[in-house]
Participant: 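Sharing a structure with you now.
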Amino acid sequence: MPDHASFNHGFSIMSVVVRFAPSPTGYLHIGGARTALFNWLYARHTGGRYVLRIEDTDRQRSTEAAVQAILDGLSWLGLDADAPPVFQFARAERHREVAEQLLAKGLAYRCYETPAEAEARRAAQQAQKLPVRYDGKWRDRDPSEAPEGVSPVIRLRAPTEGETVIDDLVQGRVTVRNDQLDDMILLRSDGTPTYMHSVVVDDIDMGITHVIRGDDHLTNTFRQAQLYQAIGAALPRFAHIPLIHGPDGAKLSKRHGALAVTEYREMGLLPEAVRNYLLRLGWGHGDEEIISIDDAIAWFDIKDVGRGPSRLDMGKLENLNAHYLRQRPNAELLDLLDPFLAKAGLEADATGRARLLAGMDGLKQRARTLVDLAAAAAIYLRARPLPLDAKAAGLLTDEARDRLASLAAPLAALPSWDEASLEAVCREAAEAAGIGFGKLAQPLRAAVTGSNVSPGLFEVMRVLGREETLARLADVTAGRNPAALATN
RNA sequence: GCCCCCAUCGUCUAGCGGUUAGGACACGGCCCUUUCAAGGCUGAAACACGGGUUCGAUUCCCGUUGGGGGUACCA
C-alpha cells in the first residue's frame, strides 16, 4: 500500500470514489461532458463521492482559460463535485517521490536514450515493419555506462513475460501479452511526471475506486496496471465507455459538433436537455427517453453502458430541448431569453416583458431552442409599423385589406377583449362576407404579426391588447408597413 | 506494421437461445385545426458477411469485412 494517502480522509474502502479528469488544453467538449455525467451519476447512484482533477501536467498546452471553461461547462450542466478540484501539477513532487521509490527498489530504471535516438529507433522499427516500442536498451545496463551530459528519463521495469488482464466493467475481460508492452516513462528527463505516471499515483492517493473514462484510454490501462502492481496498490475497477463520434461516424472534430458545452448553451439549449441527451448516448433504460435527474440517479449503472460508439444527432438533442423548453415556467424562460433577444436585435421594455410573459405559452410551444424562441418573440417586441415578410405581404391583397378595415369597428366595440369574444367576432365577419374562416384569419394574422406563422391568432391579439392590435390593423389598411428584410 | 476494442432501422437504443425484433429522433400519410407547432393514429425502415455450437441463433464461439482506439520525454 502507498504510504501516502492524503486524499483518502477515512472513507471506507467500500465507498465509491470516482473522478472526472479533464486536461485543460482546450474546452470541455460533449464527450468529456458525458464522461463527467456518467461519473457524477455513478457517485450519486452509489452514495459515493465525485471529484474533479485537472490534469495540467502538460505545462505547454494547459491554460487558465481552459480550466475556467471546463469549470463553467460542468457547473452549467449541474455536475457539482464533492470537493474542490485537485490540480495535478501541484502534486508533481509526490509523483517524483513515487518514481524515486520505485527506482530505489529496482522496479524502475534510468534510461539515457535521447529523444533523437528514440526517434531514430522508431523510424528503423517502422522501416523493418517491427512493432514500434522501446527496446529496453538501458533496462539492465550498469549505471556506470551512463553517457556524459544526458539527463535520463525514468522508466518502469515492466514484466516481459506473462500477461496483463483488465476486468473492465464495460468492455469485459481484456488481456494483452506483456511482451507487447514496453517500459513506459514515469519521469521525463526534466524530472516532470508523465500523464501515465501521475494518473496512477493520483488515483491511488485519492482513493479512487472506479475509473470511468473514454475508451481511448483502454489500451493505456495495461501499462497503468503494471504500475499499480509495481507500487503495490490494488487496482481500481475500470469502466471504459465508448467515444462519441460525429454525425458522419468519424472522430468528433470541431467541424461537426465537438463544440464546447458553453457553445451548446449559446445555441439556445437547456442544460437539462443536454444532460438527458448525453445520458441516452451509450446508456439506456428500457424504452425510457425523457428521464428526470432523479430517475437518472436511481437507474444509472455502469453495467448498462453499451460497448459500441455512438454518433451525435443534433436533431434528437433539439427535440429533447423543445420538450424541456415547454416544461420550463414562463418567468424562467423570460430570464433565460434575455441574451438571446439581444443577439436577435430585440429589446424588451416593461411592456414587452409583460407581453412576453403573457404570450409565452404560445411561444414556447413552437420553439426548439432559445434562439427560436427569441426570434418568435419579435411579434411582441417590434415597434409599429410592423415590417411584413413576403408571405404576409402576399396575404394582404386589396380585398383582404378591405375586410380588415371593416373589422376595426366591431373590434373596437367589443365589450370584452378576450380570446373567445375575438374569435366570435371574426367568425361572424367571415360568415357575413361569405368566406371561409381561414380566408379572414390569415390576412388578420399577417396584419397583426407581420408573418404568416405565429401562435394562436386570438392569443396574440389578447396579449397585444386592443389598442396595439387596432393600431397594427390601421397600419396595414393605410399601407404604412415596410417590407421585412428577407432572412432566409 | 503491431496490439486492443466495437458492430440491431439513417441516428440513439431495447433485446440478454424460441419475440409479428420493441421504443425514440428524423422521414411519409391521415386526423385535429385560424397558420405553425404540439398532440393522436399510421406507414416505410435494422440484426454487416461467412462458418460453427445447438432441436433452435440477433443473442454463444471462430473468422472476414467495416469502424474506432493505442502504439509520445501529449493527456
Side-chain angles (χ1 to χ4, degrees), chain A residues 21-25 55-58 60-62 88 111 113-115 118-119 122 125-133 151-155 166 168 170-172 174-177 180-182 184-190 192 194-196 198-199 214-223 240 242-243 245 247 249-251 277 280-290 306-320 322-323 326 362-368 376 391 395 423 426-427 430 436-442 444-446 449 451-458:
Chain A
S23 81
T25 53
E55 309 221 316
D56 54 353
T57 52
D58 184 342
Q60 303 306 313
R61 299 192 301 149
S62 296
Q88 190 162 57
C111 166
E113 183 183 58
T114 63
E119 202 175 313
R122 275 193 289 270
Q125 287 169 333
Q126 217 144 31
Q128 294 173 66
K129 298 205 182 296
L130 290 170
V132 178
R133 59 177 83 107
S151 351
V153 299
I154 294 180
R155 285 185 188 269
I166 303 298
D168 194 273
V170 172
Q171 307 292 346
V174 188
T175 305
V176 75
R177 292 208 320 272
Q180 296 296 326
L181 271 19
D182 60 5
M184 68 165 157
I185 294 177
L186 271 22
L187 252 40
R188 302 185 182 99
S189 52
D190 65 0
T192 59
T194 59
Y195 156 77
M196 295 284 267
S198 338
V199 229
D215 77 4
D216 50 336
H217 288 284
L218 181 59
T219 49
N220 287 331
T221 307
F222 298 113
R223 272 174 243 267
H240 287 95
L243 302 177
H245 292 162
K251 192 178 179 179
Y277 177 73
R280 288 286 292 102
L281 232 42
W283 178 88
H285 185 80
D287 287 342
E288 302 290 342
E289 295 289 348
I290 305 288
R307 293 125 308 232
S310 46
R311 302 183 186 199
L312 200 60
D313 179 354
M314 291 305 286
K316 188 154 186 175
L317 211 199
E318 285 197 1
N319 173 272
L320 234 21
H323 169 84
R326 278 176 250 132
L363 291 174
K364 72 180 179 185
Q365 181 74 10
R366 292 162 175 80
R368 285 168 78 80
K391 293 263 180 58
L395 249 12
E423 178 161 0
C426 291
R427 286 202 184 272
F437 182 56
K439 284 274 187 287
L440 178 71
Q442 276 306 82
L444 182 54
R445 182 191 313 282
T449 70
S451 165
N452 65 320
V453 176
S454 81
L457 181 52
F458 305 113

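We name chains A, B, ... by the order of the sequence lines, and we start the count at 1 in each one.
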Participant: Got a donor-acceptor pair under 3.5 Å from the side chain of A:Asp216 to the base of B:G70?
Facilitator: no
Participant: What is the nucleic acid contact for A:Thr57, judged by heavy atoms within less than 4.0 Å: base, sugar-phosphate only, or nothing?
Facilitator: sugar-phosphate
Participant: Once hydrogens and angles are ignored, does a donor-acceptor distance under 3.5 Å link the base of B:C6 to the side chain of A:Arg307?
Facilitator: no
Participant: For A:Phe222 and for A:Gly438, find the nucleotide of RNA chain B with the closest heavy atom, then tell me which residue's nucleotide is more 5'.
Facilitator: A:Phe222
Participant: Once you measure the plane-to-plane angle for A:Phe458 and A:Phe437, does it fall in the parallel (<30°), tilted (30-60°) or perpendicular (>60°) bin?
Facilitator: parallel
Participant: Considering Watson-Crick and G-U wobble pairs with both distances under 3.5 Å, what does B:C25 pair with?
Facilitator: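 Here B:C25 is engaged in a pair, and the nucleotide opposite it is B:G10.
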Participant: Can you tell me if A:Thr194 uses its side chain to pair, donor with acceptor, with the backbone of A:Ile185 under 3.5 Å?
Facilitator: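 Pair found, side chain donor or acceptor close to backbone of A:Ile185.
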Participant: Tell me whether the OP1 or OP2 atom of B:A26 has a side-chain N or O from A:Asn319 closer than 4.0 Å.
Facilitator: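 Affirmative; the distance criterion is met.
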Participant: Starting from the 5' end of RNA chain B, give me the residue, A:Thr192 or A:Gly284, whose nearest nucleotide shows up first.
Facilitator: A:Gly284
Participant: Going by atom types only, do A:Thr25 and A:Ser23 share a side-chain donor-acceptor pair under 3.5 Å?
Facilitator: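 A donor-acceptor contact under 3.5 Å links the two side chains.
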Participant: Can you tell me if A:Ser310 touches the phosphate of B:U13, counting only side-chain N or O atoms and a distance under 4.0 Å to OP1 or OP2?
Facilitator: yes
Participant: For a quick check, tell me whether the side chain of A:Glu289 and the base of B:G23 share a donor-acceptor pair closer than 3.5 Å.
Facilitator: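 Yes.
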